[in-house]
Amino acid sequence: MPTNEKTYILKNLIMAVLPVFLYNIVSYGFFAIYSYMAFDIFGVSEEKLYLQSSMIDSLSTWLLFFIFVFWLWKSGQATVRKEKFERNQIAKATVLTFGFGGISILWLTFAEDMLNTVSVFSESMQSFDETWATTAEEPYFWVLMSVVIIGPIVEELLFRGLVFQYLERVKKGWFPIVLSGLAFGLWHEEPVQVVYTALMGIGLGIVYAKTRDLRLVMAIHICNNFLSTLPPVLDTDFVQEGIYYISLLMIIPTLFILWKMCAEMKESRRKGL
């Protein structure tokens, strides 16, 4: 491999990792500054600060939104289409939204029932449950902003927008799909969460590779998170049970859609399109 080609590959691998580090630096830095001001200047208690996590996260994520949009605009990499979604796209996105949720349900059920003797997963599951219990105590407006709206948008700008595109410069095909998906999973840190988010990340990578439409993966991600973070008025046993069974039923159609997308991309590459 020529030296200039090695340099090109190394440069793009570094650029793929850089926005992930930037996200963490901005998030942790914003939280540290806010915590310092809350504790030392305004005298906010630690317990009250903990219940403001979603608010702090959403504010720092909005800052990252503008940074990543500017980055993508300057680099001219990611594609954001302007035309309206077709009915076929909306139908597929709906199936994928529930299907990804169904895969998450299967994994979490398996982890809770079969891996409860493995300390890494049992402790992670407990931590995961405690985090969601705390989130439920926060004002829903900030949870909605953080988990459902701005969070998924920025995560897609990051992983399907920046990370995917730089990895694709290194090698096309499955390389950016799998690596950006695994990076998305590992980025969530919590072991029990890493597995299903990595699978979802790979699935979203397939969708993006096929459609080249960031809006579509953002919409799927937003709706998926909404189903797991419903507003109090919809968070009833009846609604939750409906989502549970529909999500499980949509797993097979989801796998079929992803398989078909992969087959179409393979055929396009074969024809040199």
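With hydrogens and angles disregarded, a donor-acceptor distance shorter than 3.5 Å links the side chain of N224 to the backbone of T97. One N or O on the side chain of T254 and one on the backbone of V95 form a donor-acceptor pair closer than 3.5 Å. With hydrogens and angles ignored, the 3.5 Å screen pairs a side-chain donor or acceptor of Y140 with a backbone N or O of T229. Side chain of E112 to backbone of T109: no donor-acceptor contact under 3.5 angstrom is found.
Residue L18 is grouped with residue V154 when hydrophobic side chains (ILVMFWY) are merged at heavy-atom distances under 4.5 angstrom, including chains of intermediate members. Linking Ile, Leu, Val, Met, Phe, Trp and Tyr whenever their side-chain heavy atoms come within less than 4.5 Å puts V239 and I246 in one cluster. In terms of hydrophobic clustering, with Ile, Leu, Val, Met, Phe, Trp and Tyr side chains grouped at heavy-atom distances under 4.5 Å, V148 and V233 are assigned to a common cluster. Residues L59 and F66 share a single hydrophobic cluster, defined by chaining ILVMFWY side chains whose heavy atoms lie under 4.5 Å apart. Under the 4.5 Å side-chain heavy-atom criterion for Ile, Leu, Val, Met, Phe, Trp and Tyr, F98 and F256 are members of distinct hydrophobic clusters.
To the nearest 0.5 angstrom, N225 atom CG is 7.0 Å from E155 atom CD. We find the CE-CD1 distance between M218 and I153 to be 6.0 Å, quoted to the nearest 0.5 Å. Taking CD from E138 and CD from Q52, the interatomic distance works out to 8.5 Å, rounded to the nearest 0.5 Å. Here the CG atom belonging to L204 is positioned 6.5 Å from the CZ atom belonging to F184, to the nearest 0.5 angstrom. To the nearest 0.5 Å, atom NZ of residue K210 and atom CD1 of residue I206 are 12.0 Å apart. Atom CG of L162 is separated from atom OG of S180 by 11.5 Å, given to the nearest 0.5 angstrom.
Between F226 and L234 the shortest side-chain heavy-atom distance falls below 4.5 Å. Using a 4.5 Å heavy-atom cutoff, the side chains of V147 and W132 are in contact. Between L199 and F100, every side-chain heavy-atom pair lies at or beyond the 4.5 Å cut-off. L167 is listed as a side-chain neighbour of L13, based on a closest heavy-atom distance under 4.5 Å. No side-chain heavy atom of E241 sits less than 4.5 Å from a side-chain heavy atom of T236. Between I257 and M261 there is a side-chain heavy-atom pair separated by less than 4.5 Å. Residues M200 and Y196 fail the side-chain proximity criterion, which asks for heavy atoms closer than 4.5 Å. In this structure, I243 and L230 have side chains that are in contact, with non-hydrogen atoms separated by less than 4.5 Å.
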side-chain contact (heavy atoms from CB on, under 4.5 Å) between Y166 and S75, worked out: CA-CA 10 Å; Y166 283 118; S75 63; 4.2 Å; yes

Step by step, would you call M265 with W174 a side-chain contact (heavy atoms from CB on, under 4.5 Å)? CA-CA 11 Å; M265 286 190 290; W174 281 101; over 6 Å; no

Steps toward ring pair (Phe, Tyr, Trp, His ring centres under 6.0 Å) verdict (F164, Y208): CA-CA 9 Å; F164 186 102; Y208 180 73; 5.3 Å; yes

Could you walk me through whether K260 and E267 pass the salt bridge (Lys or Arg N to Asp or Glu O under 4.0 Å) check? CA-CA 10 Å; K260 191 173 182 181; E267 182 65 17; over 6 Å; no

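Residues G161 and L214 share a closest heavy-atom pair of N-CD2, 3.9 Å. Listed here is the closest heavy atom pair of W142 and S58: CE3-OG, 3.1 Å. Here the closest heavy-atom approach between residue G99 and residue I251 is recorded as O-CG1, 4.0 Å. Contact between G173 and R269 at its shortest, heavy atoms only, is CA-NH1, 4.4 Å. Residues L158 and P19 approach most closely at CD1-CB, 3.4 Å, considering heavy atoms. Closest non-hydrogen pair, V192 versus L108, comes out as CG2-CD2, 3.9 Å.
No donor-acceptor contact under 3.5 angstrom links the side chains of Q193 and H188, judged on distance only. When only modelled atom types and interatomic distance are considered, S146 and D57 share a side-chain donor-acceptor pair under 3.5 Å.
More than 12 heavy atoms of other residues, nucleotides or ligands shown are found within 6.0 angstrom of CG on D113. Shown here is Y245, whose OH atom has no more than 12 heavy atoms of other residues, nucleotides or ligands within 6.0 Å.
Counting Ile, Leu, Val, Met, Phe, Trp and Tyr side chains that sit under 4.5 Å apart, directly or through other members, V194 shares a hydrophobic cluster with L186.
Annotation: side chain to side chain donor-acceptor pair (under 3.5 Å) contacts of S127 (sequence neighbours excluded): E190. Evaluation of the side chain to side chain contact (heavy atoms under 4.5 Å, CB included) rule for Q126 yields E130 as partners, not counting sequence neighbours. A93 is linked by a side chain to side chain contact (heavy atoms under 4.5 Å, CB included) to L216, I220, counting only residues two or more places apart in sequence or in another chain. Partners of F141 according to the side chain to side chain contact (heavy atoms under 4.5 Å, CB included) rule, which considers only residues two or more places apart in sequence or in another chain, are M145. Legend: residues meeting side chain to side chain contact (heavy atoms under 4.5 Å, CB included) with L115, ordered by chain and number and at least two apart, are W107, F110, A111, V118, F121.
Contact check on R212 versus E168 returns a salt bridge, with a Lys/Arg side-chain nitrogen under 4.0 Å from an Asp/Glu carboxylate oxygen.
Ring geometry for Y23 against F68 counts as parallel: the plane angle stays under 30°, on a 0 to 90° scale with 60° as the upper cut.
Relative to the six-membered ring of F85, R215 meets both conditions, a distance below 6.0 Å and an angle of at most 45° to the axis.
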